[in-house]
Each structure stands twice: as structure tokens, then as C-alpha cells.
> 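Would you mind keeping the following structure in view while I ask a few things?
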Amino acid sequence: MAERLIAFRDGRKVRPLGQGTYRMGRRRSEEIRALRRGIDLGLTLIDTAEMYDTEDLVGEAVRGCRDRAFIVSKVLPGNADYEGTKRACERSLRRLGTDYIDLYLLHWAGRYPFSETVRAMAELQQEGKILQWGMSNLDVADMEHILSLPHGKACAADQVLYNLKDRGVEYDLIPWSERHGIPVMAYTPLGEGRLCNCDVLRKIARRHDAVPAQIMLAWVMRTANVIAIPKAGSIAHVEENARSLDIVLTEEDLAEIDGVFPAPTRKIPLAGW
């Protein structure tokens with residue numbers, strides 16, 4: 001089977017499975033080893049944010065392999081005016097110990113106009129401090145507004161909550177993003193682990209010689225422009241997640257999943273922050 005890759009606006013490609021770092025840091029050495037193992041397995045996209053307090057951990061993890069890593073970080077909305085965005089990016093660069101961030105996102109909508117944030121993002125990109133920029137936790141109407149701004153059509157991603165229990169983005173945001181060539185990054189793709197005891201997922205997992213978490217990740221990644229970013233704090237957990245890339249769910253599998261976790265039939269407000 002050909003390796004599936006997802007392309008960003010600048011032509012760079014990543015596998016549809018990355019690595020999250022929210023709430024990491026309690027087992028630092030083990031987590032750094034896990035992130036490095038993930039990079040070795042091709043899970044090169046690593047997601048962090050100034051809010052997570054994990055940028056220094058990510059920076060240590062990619063030391064010696066920075067050229068293979070695709071680092072995503074985020075500016076808090078309270079810092080996201082024009083000058084604040086630029087200052088926040090400089091702080092993130094220092095914590096990460098790198099000269100550039102591959103993808104820099106606004107974490108969620110705040111009090112500052114999007115136009116200020118986008119202007120700062122565009123300048124940071126021109127300066128080479130970020131290679132691409134995007135948004136997080138924005139729904140279709142806000143994403144349309146972003147694209148209407150000067151430099152807005154360079155928006156390269158939207159990161160949102162997406163898992164079996166939170167499927168609202170399927171109704172309009174994911175199709176909209178596909179039409180506009182904007183990858184969607186799915187955070188909390190395992191629903192914080194609460195779904196692993198579902199009988200249907202257990203049955204499907206047995207058919208694929210897998211575990212329910214792998215089925216959930218394969219399900220999130222079934223759409224062509226979606227990247228799942230689960231957290232894994234150990235090498236064993238990273239290796240387990242990576243095996244989900246080899247699972248191809250059947251029509252029967254998908255129908256059984258829909259029977260328990262139905263697809264949205266109407267617009268649902270964006271979940272998350």
C-alpha cells in the first residue's frame with residue numbers, strides 16, 4: 001500500500017498521524033524518548049503551544065533531528081494582537097531552541113481582530129521565523145473571514161476537536177477545508193480515552209488484530225485531509241499508535257461505527273476551546 005501523505009500549501013507533506021504534547025512534562029525523559037521514537041516511525045508532526053508549557057520539551061526531543069521534525073506551535077489569543085503575536089513567536093522560538101516554526105497557529109479566537117494576528121503571521125513568515133501559519137478552533141464562518149483578509153489565503157491549517165463522540169466538524173468544516181485545500185488537525189482524537197471500552201470498537205479491533213484506540217485513530221484518518229495528533233507518553237504507546245496507519249476500515253466497520261456514533265445531520269457549534 002502506498003504511504004498516504006497530506007500536503008500543506010507550501011508543498012511540504014506529513015503523514016496523517018502526528019504527536020500531541022498537551023499535559024506532557026510529568027515524565028520528561030520518557031516522553032522525550034517517545035517523541036524521538038515517533039519521529040523515527042515517521043510521525044514527524046509534533047504539536048505544542050505556548051499554553052502547554054511543553055515547547056522546551058519538544059525542543060529537546062528534536063535536538064539532533066530538527067530537519068526531520070515538523071513543529072506546530074500556537075499563540076494564545078490574549079497575546080494575539082499584532083505586536084503580541086510577534087513577541088510570542090520569539091518566545092516560542094527561544095523555548096524550542098530553533099530558528100523557525102513549521103506551522104504557527106492562533107490557538108482560538110479572542111478579543112483582538114483576526115486582521116492583526118494575520119498581519120503579524122504574514123510578516124513572521126516573510127522573515128522566515130515561521131514557514132506557514134494557520135488557525136485553531138475556528139469554524140467555517142471565521143475561516144471564511146480569515147481567507148478574506150489581506151494575506152489570508154495563505155492560511156495553511158485549522159486545528160479542531162474531532163473524535164467519534166465529537167463529529168460536528170464533518171457536517172461543514174471538513175468538507176469546506178477539503179474544497180479550500182486546508183488540512184484539518186484533529187486534537188483529542190481518542191476522546192481522552194473514554195471510548196476504548198465500546199463493544200463495537202472492541203469487535204472491529206478484533207477483526208483487524210488491533211486495539212480500540214487504533215481503530216479510533218484509523219477512523220479519524222479515513223478522511224483525506226485530516227491529521228490526527230494523539231498524545232503518547234511512552235515508546236510502547238507511540239508504537240501502538242503508529243500501527244494504526246496500516247489499518248484500513250471496511251464499509252462494514254464504518255457502518256457499525258455510525259450505528260453507535262452517528263454522523264451529524266445538522267450544523268453543530270464547534271466543540272473545544
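Please read these numbers as outputs of a predicted model, since none were measured by experiment.
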> Examine distances only and state if a side-chain atom of Q214 and a backbone atom of V211 form a donor-acceptor pair shorter than 3.5 Å.
yes
> Start with the C-alpha distance between Q125 and Y104, add both sets of side-chain angles, then the distance that settles side chain to side chain donor-acceptor pair (under 3.5 Å), and finish with yes or no.
CA-CA 9 Å; Q125 188 175 23; Y104 196 44; over 6 Å; no
> Can K267 and D139 be counted as an ion pair, charged N to O under 4.0 angstrom?
yes
> Please check: side-chain N/O of R15 versus main-chain N/O of L41, any donor-acceptor pairing under 3.5 Å?
yes
> Under 3.5 Å, which donor-acceptor pairs do the side chains of residues 68-76 form with other protein atoms, sequence neighbours left out?
{"from": "R68", "atom 1": "NH1", "to": "D40", "atom 2": "OD1", "distance (Å)": "3.3"}
{"from": "R68", "atom 1": "NH2", "to": "D40", "atom 2": "OD1", "distance (Å)": "3.2"}
{"from": "S73", "atom 1": "OG", "to": "E55", "atom 2": "OE2", "distance (Å)": "2.5"}
{"from": "K74", "atom 1": "NZ", "to": "D47", "atom 2": "OD1", "distance (Å)": "3.0"}
{"from": "K74", "atom 1": "NZ", "to": "D47", "atom 2": "OD2", "distance (Å)": "2.8"}
{"from": "K74", "atom 1": "NZ", "to": "T48", "atom 2": "O", "distance (Å)": "2.8"}
{"from": "K74", "atom 1": "NZ", "to": "Y52", "atom 2": "OH", "distance (Å)": "3.3"}

> May I ask you to say whether R207 pairs ionically with E256, meaning some side-chain N is under 4.0 Å from a carboxylate O?
yes
> Which residues satisfy the side chain to side chain donor-acceptor pair (under 3.5 Å) test with K153, sequence neighbours excluded?
none
> Please walk me through it: do N137 and Y187 pass side chain to side chain donor-acceptor pair (under 3.5 Å)?
CA-CA 10 Å; N137 296 295; Y187 69 80; 2.7 Å; yes
> Going only through I, L, V, M, F, W and Y residues with side-chain contacts under 4.5 Å, is there a path from L5 to M221?
no
> Within the side chain of R36, is there an N or O that forms a donor-acceptor pair under 3.5 Å with the backbone of A61?
yes
> Less than 4.0 angstrom from a charged side-chain N to a carboxylate O is my criterion; do E90 and R87 meet it?
no
> Just jot down the side chain to side chain donor-acceptor pair (under 3.5 Å) partners of Y112, sequence neighbours excluded, or say none.
none
> Counting only N and O atoms by type, is there a donor-acceptor contact under 3.5 Å from the side chain of E116 to the main-chain atoms of Y82?
yes
> Using a 6.0 Å distance limit plus a 45 degree cone around the ring axis, check whether R66 lies over the aromatic ring of Y100.
yes
> Any donor-acceptor pair under 3.5 Å linking the side chain of Q132 with the backbone of A156?
no
> Taking the side chain from E31 and the backbone from G25, do they hold a donor-acceptor pair closer than 3.5 Å?
yes
> Side-chain contact test, heavy atoms from C-beta onward, threshold under 4.5 Å: evaluate it for L105 versus W133 and give yes or no.
no
> Hey, does the side chain of T188 reach the backbone of G191 with a donor-acceptor pair shorter than 3.5 angstrom?
no
> Could you check whether any side-chain N or O of R9 sits under 3.5 Å from a backbone N or O of C155, counting only pairs where one atom can act as donor and the other as acceptor?
yes
> Going hydrophobic residue to hydrophobic residue with side-chain gaps under 4.5 angstrom, can you get from V200 over to F261?
yes
> If only atom types and distance count, is the side chain of T85 paired as donor or acceptor with the main-chain N or O of A120 below 3.5 Å?
no
> Flag the pair R222 and E170 as a salt bridge only when some basic side-chain nitrogen lies within less than 4.0 angstrom of an acidic carboxylate oxygen.
yes
> My understanding is that only residues two or more places apart in sequence, or in another chain, count here; which of them pass side-chain contact (heavy atoms from CB on, under 4.5 Å) with L249?
I204, H208, I215, A218, W219, I247, D253, L254, I257
> Can you name the residues that form a salt bridge (Lys or Arg N to Asp or Glu O under 4.0 Å) with E127, not counting sequence neighbours?
K86, K129
> Tell me, please, which residues at least two apart from H151 pass ring-ring contact (aromatic ring centres under 6.0 Å, His included).
none
